[in-house]
2 protein chains.
Amino acid sequence: MKKDDLLKLDNQLCFSVYALSREITKLYRPLLDELGVTYPQYLVLLVLWEEESSTVKHLGERLYLDSGTLTPMLKRMEIAGLLRRDRDKEDERTVRISLTEKGEKLRANAYCIPESLLKRLGSEEQEVDRLLATLRGMIQQVQQQIPN
Amino acid sequence: MKKDDLLKLDNQLCFSVYALSREITKLYRPLLDELGVTYPQYLVLLVLWEEESSTVKHLGERLYLDSGTLTPMLKRMEIAGLLRRDRDKEDERTVRISLTEKGEKLRANAYCIPESLLKRLGSEEQEVDRLLATLRGMIQQVQQQIPN
DNA sequence: TACAATTTAATTTTACACAATTTAATTTGA
DNA sequence: TCAAATTAAATTGTGTAAAATTAAATTGTA
């Protein structure tokens, strides 16, 4: 790549990833509105649908989000009746997160969300899996310790 | 894919894209801090470094951002001395955006930013180009009119 | 045992994102 | 020509993100 091209917007991997992420969020929004949740809340629910119970720390690890983002989000989800936040008795720093019935029930109506993207892409499952693996590998690479 | 797997976080393309985008932003942050700009401001600058002059509308088209996001951002960049915002005399709805000398000078120190990602990924240029093309195609696919 | 170090979540601050709405300017069509 | 429709940017309101900081709890070590 010529040096001049290095700073062209269309050559920025970061921008394509960023823009795609936002476009997917936008695609999902009307469907998520029907569920009554925002996109990051949907991601929280995905984790909780997989696991009986979680903690703020664990959700943060799975979603690469810190408690600055999670705490207000979880509070709003608690207020909305989707989950409960309980201080762990054995270690009071830890806050356990568990779904309510209401939160669990939402799962049944959530299949349309990933399906909408797969339909839009019209790709073979294999292609999607390969891309997923690529992206996950990249996340690990980017997350590596900064040598500075 | 089994129906049950459809809602697993690790199978969500949307999450991988979202997480990667945020990790790249995080990687860039210290470098951008030295330039004195945020990541979205960096994207604005990339467009302006390519073009003599732009408008809020055009920046929005290139970056898929609306004026709710752009206007405050551009205002802060104007205050920081990076660019100017001028009402177009022929169509007063239009606001022209142009770089100051200070804004232009930043370009020379910006090469390290995309380079940091390429170095972290250690990929061949061809691989990156192919991935870029894939992601750009996906953006178009997701952006297509909603058939509802 | 006492205290320093570390951990967990909460809080504070700043900057986005985006839907909805508003304001002002321009274009369109009768 | 003029009102209706459309456009461009600004504003409003809500919800993230993330760095920095704080408060409380727990762990590690002398």
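Source: prediction; values computed, not measured. Letters A, B, ... mirror the listed sequences (proteins, then strands); counts begin at 1.
In this structure, the nucleotide among D:dA17, D:dA19, C:dA25 sitting nearest to the side chain of A:Asp66 is D:dA19. Looking at the side chain of B:Gln41, the nearest of the listed nucleotides D:dA8, C:dC16, C:dT8 is C:dC16. For B:Val95, taking side-chain heavy atoms from C-beta onward, the closest of the listed nucleotides C:dT8, C:dC16, D:dA10 is D:dA10. Distances were taken from every side-chain heavy atom of B:Arg22 (C-beta onward) to each of C:dA9, C:dC16, D:dA18; the shortest belongs to D:dA18. Here D:dT7 is the nucleotide among C:dT7, D:dT7, C:dA17 with the atom lying nearest to any side-chain atom of B:Lys57.
Projected onto DNA chain C by closest heavy-atom contact, B:Met73 and A:Gly68 fall at different nucleotides, the more 5' of which corresponds to A:Gly68. Of the two residues contacting DNA chain D, namely B:Arg29 and B:His58, the nearest-nucleotide position lying further toward the 5' end is that of B:His58.
Of the residues in residues 8-20 of chain A, not one places a heavy atom less than 4.0 Å from an atom of DNA chain D.
Between A:Leu70 and A:Leu65, the closest heavy-atom pair is CD1-O, 3.8 Å.
Side-chain N/O atoms of A:Thr38 include one lying less than 4.0 angstrom from OP1 or OP2 on D:dT16. OP1 or OP2 of C:dA10 has at least one side-chain nitrogen or oxygen of A:Thr71 nearer than 4.0 Å. Look at A:Arg85 and you'll find a side-chain N or O under 4.0 angstrom from OP1 or OP2 of C:dA10. For the pair A:Arg76 and D:dT16, the criterion of a side-chain N or O lying under 4.0 Å from OP1 or OP2 is met. Under 4.0 angstrom from either OP1 or OP2 of C:dC16 there lies no side-chain N or O belonging to B:Lys75.
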Please list, one pair per line, the donor and acceptor atoms closer than 3.5 Å that link side chains of residues 27-39 of chain A to other protein atoms, with sequence neighbours excluded.
residue, atom, partner, partner atom, Å
A:Thr38, OG1, A:Gln41, N, 3.4
A:Tyr39, OH, B:Cys14, O, 3.2

